[in-house]
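All remarks here apply to the structure that follows.
We name chains A, B, ... by the order of the sequence lines, and we start the count at 1 in each one.
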2 protein chains.
Amino acid sequence: MADKQYELGDAELEVLKVLWERGASTVRDVLQALHDQGRNQAYTTVQTLLTRLEAKSFVRSDKSEFAFVYRARLTRDRVTRSRLKTLVAQLYDGAAGPLVLQLVRMEQFTTDEIDELHQLIDRLDSEADTKNQEPR
Amino acid sequence: MADKQYELGDAELEVLKVLWERGASTVRDVLQALHDQGRNQAYTTVQTLLTRLEAKSFVRSDKSEFAFVYRARLTRDRVTRSRLKTLVAQLYDGAAGPLVLQLVRMEQFTTDEIDELHQLIDRLDSEADTKNQEPR
DNA sequence: GACTTTCTACGACGGTCGTAGTAGATTGCG
DNA sequence: CGCAATCTACTACGACCGTCGTAGAAAGTC
């Protein structure tokens with residue numbers, strides 16, 4: 001049950017994030033970026049991560065240059081949404097409401113964020129009958 | 001670095017949830033509950049999970065009865081909060097605001113939840129006077 | 001062309017996790 | 001008491017993941 005096609009590990013996610021932030025990158029580019037972030041991995045480690053990400057179809061590579069260039073195949077939004085969904089399913093049986101409530105209770109927000117939340121909630125209020133679309 | 005004391009796996013979490021829901025339970029109790037949920041594990045699998053959870057201090061056991069009785073040592077709230085924090089840290093660099101925004105955008109809410117959100121936001125609003133937050 | 005650097009392919013290792021089997025201890029029953 | 005059921009301890013195995021090393025191919029340098 002549940003395809004559970006094994007999501008991303010932490011290190012893999014870090015690599016993906018680099019690709020999101022700086023776009024198409026070589027192994028060395030990613031390595032450099034990670035180094036700058038304090039992570040200190042070997043070149044081949046990053047290479048492995050990228051290879052695995054490609055096997056999972058999270059990135060694609062192309063070789064027109066000397067070295068392979070990697071690009072993310074999914075947007076950050078898409079991935080975070082999926083992770084979120086998993087977490088919501090696991091912890092709250094799929095109900096996002098309680099999660100948001102808990103988050104709102106537990107975290108500090110800037111006035112700007114509160115503002116935006118206001119607007120969002122209001123909008124939700126009015127279009128409270130939006131249909132459920134499931135784009136695969 | 002990073003202690004990264006390896007959090008809970010999916011199966012471990014399921015077990016914990018059973019303990020939260022039905023309180024002190026034996027291996028067999030948990031097994032039964034999981035079976036009722038459709039999961040079909042072996043007795044010893046559940047036993048292993050409980051043992052590992054105990055090793056990680058998520059549960060504690062006591063043996064006054066014939067069989068060990070296990071109890072959760074942390075509240076559901078505590079665990080979900082921690083998982084959430086991890087996810088927020090990983091995906092949003094620790095800023096919960098954007099997460100909430102995304103969640104609110106992506107999920108459907110019942111009118112009740114929207115109501116409660118309204119109230120929460122309002123409350124936040126009034127508390128947000130002495131807010132001197134600097135997001136990272 | 002020989003040497004150095006860089007990249008790629010592949011294998012590997014240890015730890016976590018989900019899963020479960022086996023053996024031995026404990027308890028209950030007739 | 002003797003046996004069956006149940007429980008516990010220990011071991012194991014395969015997949016995933018983070019981490020690299022080594023060997024060989026490709027490219028640049030002098």
Can you give me the closest heavy-atom contact between [X] and [Y], atom names plus distance?
X	Y	value
S61(B)	E54(B)	OG-OE2, 2.8 Å
R83(A)	L8(A)	NH2-O, 2.6 Å
Q41(B)	H35(B)	O-NE2, 3.3 Å
E12(B)	E7(B)	OE1-O, 4.0 Å

Checklist line | First of V69(B) and R52(A) reached from the 5' end of DNA chain D, by closest nucleotide | finding: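 Here V69(B) is the residue nearer the 5' end.
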Check: With the sugar-phosphate defined as primed atoms, P, OP1 and OP2, and the base as all remaining atoms, what B/S/- string results for nucleotides 22-30 of chain C, 5' to 3', for protein heavy atoms under 4.0 Å?
Finding: B----S---
Note to self: If I take atom NZ in residue K56(B) and atom P in nucleotide dG15(C), what distance separates them, rounded to the nearest angstrom?
What the structure shows: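 The distance from NZ of K56(B) to P of dG15(C) comes to 15 Å, rounded to the nearest Å.
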Notebook entry, point to check: What is the distance from CG of L53(B) to C1' of dT8(D), rounded to the nearest Å?
Noted result: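 Those two atoms, CG and C1', are 17 Å apart.
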Item checked: Results of salt bridge (charged side-chain N to carboxylate O under 4.0 Å, His left out) for R39(A) - residues two or more places apart only ->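 Salt bridge (charged side-chain N to carboxylate O under 4.0 Å, His left out) check on R39(A) returns nothing, list empty.
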Next item on the list: Name all residues meeting the salt bridge (charged side-chain N to carboxylate O under 4.0 Å, His left out) criterion together with R81(A); count only those two or more places apart in sequence or in a different chain, and write none if there are none.
Entry: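 Salt bridge (charged side-chain N to carboxylate O under 4.0 Å, His left out) check on R81(A) returns D77(A).
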Check: Do the side-chain N or O atoms of T45(B) get closer than 4.0 angstrom to the phosphate oxygens (OP1, OP2) of dA20(C)?
Finding: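 Affirmative; the distance criterion is met.
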Margin query: For dC7(D) and Y43(B) - does any side-chain N or O of the residue sit under 4.0 Å from the phosphate oxygens OP1/OP2?
Written below: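 It does, given that an N or O in the side chain of Y43(B) lies less than 4.0 Å from OP1 or OP2 of dC7(D).
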Next item on the list: Compute whether any side-chain donor of one residue and acceptor of the other, for D115(A) and Q119(A), lie under 3.5 angstrom apart.
Entry: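 No donor-acceptor contact under 3.5 Å links the two side chains.
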Next item on the list: Quick one: the dot-bracket string of DNA chain D, using Watson-Crick and G-U wobble pairs with both distances under 3.5 Å, [ ] for crossing pairs and | for bases paired to another strand.
Entry: ||||||||||||||||||||||||||||||
Check: What do the steps show when you test Q90(B) against T86(B) for side chain to side chain contact (heavy atoms under 4.5 Å, CB included), and what is the final call?
Finding: CA-CA 6 Å; Q90(B) 284 178 342; T86(B) 302; 4.0 Å; yes
Counting only pairs under 3.5 Å, give me each side-chain donor-acceptor contact of residues 68-76 of chain B, with atom names and distances, residues two or more places apart or in other chains.
from   : atom 1 : to     : atom 2 : distance (Å)
R71(B) : NH1    : D62(B) : OD1    : 3.1
T75(B) : OG1    : R78(B) : N      : 3.1

Margin query: Pair T44(B), V27(B) - check side chain to side chain contact (heavy atoms under 4.5 Å, CB included), show working.
Written below: CA-CA 9 Å; T44(B) 49; V27(B) 172; over 6 Å; no
Notebook entry, point to check: With a non-hydrogen cut-off below 4.0 angstrom, is F68(A) in contact with a base, only sugar-phosphate, or nothing?
Noted result: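 Sugar-phosphate, no base atom in range.
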Next item on the list: Check DNA chain D against residues 16-41 of chain A and give the residues with a non-hydrogen atom under 4.0 Å, in numerical order.
Entry: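 Heavy-atom contacts with DNA chain D come from N40(A), Q41(A).
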Check: Can you find a donor-acceptor pair, distance only, under 3.5 Å between T48(A) side chain and dC17(D) base?
Finding: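 Answer is no: no donor-acceptor pair is held.
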Next item on the list: Quickly, which of E21(A), R22(A), R28(A) forms a side-chain hydrogen bond (donor to acceptor under 3.5 Å, both in side chains) with S25(A)? Name it, please.
Entry: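 So, applying the side-chain hydrogen bond (donor to acceptor under 3.5 Å, both in side chains) to S25(A) and each of E21(A), R22(A), R28(A), only R22(A) qualifies.
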